[in-house]
Amino acid sequence: MTELLNNFITDIIDDDIKNNKSKSFINTRFPPEPNGYLHIGHAKSIFLNYGIAKQYKGSCNLRFDDTNPTKESMDYINSIIDDVKWLVGIKNIGKILYASDYFDRMYELAIELINQNLAYVDDQNIDDIKKNRGDYNIQGIESPYRNRSIEENIKLFKNMKNGMYQDGEKVLRAKIDMNAKNINLRDPIMYRILHAHHPRTGNEWCIYPMYDWAHGIEDSIEKITHSICTLEFEDHRPLYDWFLEKLKIHHPKQIEFAKLSMTYTLFSKRNLLKLVDNNIVDGWDDPRMPTISGLRRRGYTAKAIKNFVLSLGVAKREAISDFNHLEYYLREDLNSISYRKMVVLDPVKLIIENYNEEESEFLEAENNPENSSYGSRMIPFSKELYIERNDFMENAPKKFFRLSVGREVRLKHAYYITCTGFKTDETGKLVEITCTYDPSTKGGWSNDGRKVRGTIHWVSAKDCLNAEIRIYNRLFNIERPTLDNIHLDSKTIITNAKIEPSLVEVDFNQKYQFLRLGYFVFDKESNENNLIFNQSVALRNNWK
RNA sequence: UGGGGGAUCGUUCAAUGGUAGGACACAUGGUUUUGGUCCAUGGAAUCGGGGUUCGACUCCCUGUCCCCCAGCCA
């Protein structure tokens, strides 16, 4: 995790420092709009911006781009703060800043631009503005209000601010070039009238700055040196530069990179919002969602997400990352930190014929074979156990290393057993397996050189607890989905899982590996009477 | 049919005029009280066509394909 960021952006920064275009302290920012929850695509931007600032001994702050009150809310602001804290650590988050704190300054600078005769109030309605903007092939037409006097523009702009007009009645536009090939430069709108309640400034303002006008000023005020954003803003860079140049204020360098996309997932807030609103998922933090809060509930760690996005690198080429790649880093982290437990998802009784019914004993089980400091626990063993239904096969092929009549397997941490028979009900369903155990193999080992290829997990029938276990699958069934490709079986709920008694205590911070099955965490809906687990990811499995 | 960007193993990122390399995925073998982990090995790529050069993923010309842009969203 200490690896150095080395990509085309750090190359640019290195050049800028070498050519004295920039100080060696590099300041960045993570500037989300609070109009939805953060997803793993944002995590890439977060680790890039915070990582660069750290690497170049500068600062990185969380700044909310809260310039559109019609889409934003405190709920989103709070969720974003929680997510960034969780990802980068509470002490590394930097300052929490808001574009709305700069509204006064932006207003002053707009007046300044009007005074330079570089901005004007336009009375055209939305349709006329659109029509007169032209398109790729058609030149724009200058607004009839474009050449108002500076004094009149100042007066009208103040009136706009003071609430003398209705929404949409007037806008403030920059006076650039209606024939520019880049349509963003055809007199872009700087302010629109919005009589809306802002989550932070309330009803103080009824004019709100547009992104292009606001963003560069925000960066400038914060002394950002390199303003990193995604590819779709490339066309906006000339405008970013134009405003800062005319204003003669600190001018950060905007650099664009390709955002993250992943197979089997949808990223746009528009689509994620639909999944939530249409109840396809159970909220923004549904464990199937690619949101930070969803991944966290699913049992992902910040470290796994960080290692994943860092492994991806940074480039301008648009790329779709493989979901497997993310899961690899999750397993890598979870393998080293999770507590091993034995849990049976689809239980079937196993009776040990030569084990005394009254007897019972405790066997020692290591908590993490990767790390002995995790210690061990004692688990109860008795005559009747539960094992996994699919660990038995009536007519087993040679390579089936588990239970079948006459075959010997190891019960993990316990004994070798040999299957003696099985019972089915009238429908042919397996209801009970019988076996004998070898008392000399306590702990699951013998020194006689016996080869026991298979090892299966189990729980003691009279000691185990019941739990609900939620298994998740991809939300979409094709690699590059649209909302039409919802995977209908993306969630399976198992209500009668049998779990070892050491899991009785609900601990939301702990990661578990259920032996031979996968990684699991307690779901937030768990309580001491209702143990609920989410599967984070299954173990890799080469069998079948 | 305007403007802006991009094209390297299946996927993703390197190589900045000098042996195309890593990770994931896949395959094979080894270790193993998890068919996990770990270890080893293997297959696998420079979008096409010209040119410059002793030498081109890299520079030049040309073609093709992909992405973004016509919100009072960000």
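By the 4.0 Å N-to-carboxylate-O rule, R402(A) lies too far from E388(A) to be salt-bridged with it.
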**Request:** Classify every nucleotide of nucleotides 67-74 of chain B by which part a protein heavy atom approaches to under 4.0 Å, writing B for the base, S for the sugar-phosphate alone and - for neither, in 5'-to-3' order.
**Result:** SBBBSBSB
**Complete:** Reading nucleotides 21-30 of chain B from 5' to 3' and marking B where a protein heavy atom lies under 4.0 Å of the base, S where only the sugar-phosphate is that close, and - otherwise, the string is --SSS-----
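Residues in residues 174-183 of chain A take part in no salt bridge (Lys or Arg N to Asp or Glu O under 4.0 Å) pair, two or more places apart or across chains. Residue pairs meeting the salt bridge (Lys or Arg N to Asp or Glu O under 4.0 Å) criterion with at least one partner in residues 185-201 of chain A, sequence neighbours excluded, are D101(A)-R200(A), R146(A)-D187(A).
Shown here are the ring pair (Phe, Tyr, Trp, His ring centres under 6.0 Å) partners of Y240(A), two or more places apart in sequence or in another chain: there are none. Partners of H413(A) according to the ring pair (Phe, Tyr, Trp, His ring centres under 6.0 Å) rule, which considers only residues two or more places apart in sequence or in another chain, do not exist here. Qualifying side chain to side chain donor-acceptor pair (under 3.5 Å) partners for D83(A), counting only residues two or more places apart in sequence or in other chains: R296(A). Under the side chain to side chain donor-acceptor pair (under 3.5 Å) criterion, Y165(A) pairs with N159(A), sequence neighbours left out. Listed by chain and number, the residues in a side chain to side chain donor-acceptor pair (under 3.5 Å) with N371(A) are S373(A) (sequence neighbours excluded). With sequence neighbours excluded, the residues satisfying ring pair (Phe, Tyr, Trp, His ring centres under 6.0 Å) with Y37(A) are Y76(A), W284(A). Judged as a ring pair (Phe, Tyr, Trp, His ring centres under 6.0 Å), and not counting sequence neighbours, the contacts of F243(A) are W213(A).
Applying the 3.5 Å distance criterion, the base of rU34(B) shares a donor-acceptor pair with the side chain of Q513(A).
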**Message:** Pairs counted only when both distances fall under 3.5 Å, Watson-Crick or G-U: show me the 5' to 3' dot-bracket for RNA chain B, [ ] for pseudoknotted crossings and | for other-strand partners.
**Reply:** .((((((..((((....[..)))).(((((.......)))))....(((((..]....))))))))))).....
